[in-house]
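Data first, discussion second: the structure below is written as structure tokens.
It should be emphasised that the depicted structure is a prediction, and the values quoted were computed from it without experimental measurement. Reminder, nothing fancy here: chain letters follow the sequence lines and each chain counts from 1.
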Number of protein chains: 2
Amino acid sequence: MPRTSDKREKLVTAAKSLIHRQGFHRTTLADIASEAKVPLGNVYYYFKTKEEICEVVLEERKQDLQRLIGDCCRNSNPKANLKRFLRCLMDDSNQVAECGCPHSTLCQELRKISSPLSDRAEGTLQVLIDWAVEQFRKAGVPRPKSTGFEFIARVQGTMLLAHTLHDPRRMKQQIKVIGTWLDTL
Amino acid sequence: MPRTSDKREKLVTAAKSLIHRQGFHRTTLADIASEAKVPLGNVYYYFKTKEEICEVVLEERKQDLQRLIGDCCRNSNPKANLKRFLRCLMDDSNQVAECGCPHSTLCQELRKISSPLSDRAEGTLQVLIDWAVEQFRKAGVPRPKSTGFEFIARVQGTMLLAHTLHDPRRMKQQIKVIGTWLDTL
DNA sequence: GTCTATATGTTGATAGAC
DNA sequence: GTCTATCAACATATAGAC
């Protein structure tokens with residue numbers, strides 16, 4: 001028996017996965033409890049409300065993203081960092097084609113409700129944009145703000161279409177196109 | 001009293017608007033009935049299920065899109081058609097920043113459920129992609145399939161970020177960037 | 001800390017009067 | 001065709017035993 005219970009962690013992991021696959025609204029607390037193998041009533045010992053679980057999921061997603069872009073910055077060549085980021089996306093293309101980008105699909109869903117969660121969601125994608133802008137600035141590309149936004153818009157649009165069309169192949173092709181564009185800047 | 005009731009039409013109009021603003025799952029039949037000023041129980045005279053309403057909304061959205069791209073094709077210059085399309089998007093930037101693209105936000109939401117609706121959603125964005133591909137083909141641009149996909153991905157990514165960040169200004173800027181890119185092809 | 005049982009509220013859907 | 005009343009199912013949340 002662990003010194004501290006791992007139930008909370010299990011619940012968050014289950015919620016992350018289920019929210020990605022089904023969306024926030026369609027995911028019930030019973031779903032989460034069941035996937036985490038925790039009795040339903042016990043959920044409320046760890047979280048006051050369903051929204052609080054989502055808040056924690058959002059925070060973890062943000063940290064995942066920060067870890068990912070941190071891993072992409074292993075050296076000081078900003079364009080190589082962006083390329084490594086594209087490579088990571090390609091590796092995820094099957095899951096993205098099935099369930100969409102875990103960050104932006106949740107953002108769009110939460111944006112349609114009036115709740116503190118809605119504003120929280122904004123932060124995750126902003127992290128991504130800020131990082132891209134910084135890479136372009138370091139690379140000496142003209143108008144780094146606009147170019148960074150453009151880069152993330154292209155990446156997100158590609159994932160959106162891949163999800164809607166359930167097509168990982170075209171996602172990979174399109175990411176290659178974005179990589180080629182990077183080389184011309 | 002009209003020869004045929006306009007209640008069904010009112011219900012669809014209300015559903016279209018509410019689903020765009022709140023999403024499909026958060027929109028209740030009571031919401032729809034209330035906005036259409038139709039008693040709740042009466043809804044089931046016109047539609048068997050909630051999903052059936054959504055099906056009709058999807059169909060109308062598709063027709064709206066076909067009408068829009070039809071209007072953009074007033075002459076035979078394919079690049080001018082694409083530019084007119086971008087202009088239409090700019091005119092919608094405030095609403096997009098608030099509620100997202102009415103087509104793709106619904107597609108992404110429906111993609112996360114297992115229902116015939118999920119596959120129906122795919123068709124709407126495919127209409128858009130097919131049109132763009134056709135314009136690039138007519139314009140003699142190399143690899144029109146890839147370029148058409150790229151064009152819609154950029155447009156959709158731009159709207160996704162505009163929605164998440166609630167920022168119509170950056171949406172307009174980014175659409176201009178896409179227009180400039182069009183000129184270089 | 002953990003769990004069962006259940007309260008409470010909402011929603012999709014139906015029955016049946018008019 | 002229109003509407004009121006209501007059902008049945010489900011989801012969030014709580015009470016309280018252990």
- prompt: Among side-chain atoms of B:S17 and B:R21, is any donor-acceptor pair under 3.5 angstrom?
  reply: yes
- line: Rounding to 0.5 Å, atoms CG (B:D92) and SG (B:C99) come to a distance of 11.0 Å
message: Whole angstroms only, please: what is the CG-P distance between A:D6 and C:dG1?
response: 13 Å
message: Can you see if the side chain of A:Y45 gets near the phosphate of C:dT2 - specifically, an N or O under 4.0 Å from OP1 or OP2?
response: no
- prompt: Could you state the interatomic distance from CG (B:D183) to CD1 (B:I178), rounded to the nearest 0.5 Å?
  reply: 12.5 Å
- prompt: Got a sec? Which of residues 7-40 of chain A come in under 4.0 Å of DNA chain C, heavy atoms?
  reply: A:K7, A:P39
message: Between A:T164 and B:E122, do the side chains contain a donor N or O and an acceptor N or O under 3.5 Å apart?
response: no
task: Using whole Å, report how far CD of A:E51 lies from P of D:dA11.
output: 17 Å
query: Does the side chain of B:S104 reach to within under 4.5 Å of the side chain of B:L125, using non-hydrogen atoms?
result: yes
- request: Nearest whole angstrom, please: distance from the P of C:dG1 to the CG of A:N42.
  value: 11 Å
- prompt: Has B:Y44 got a side-chain N or O lying under 4.0 Å from the OP1 or OP2 atom of C:dA13?
  reply: yes
- prompt: In terms of side-chain heavy atoms, does B:Q173 have a donor or acceptor partner in A:S146 at a distance below 3.5 Å?
  reply: no
statement: To the nearest angstrom, the CZ-P distance between B:F47 and C:dG12 comes to 14 Å
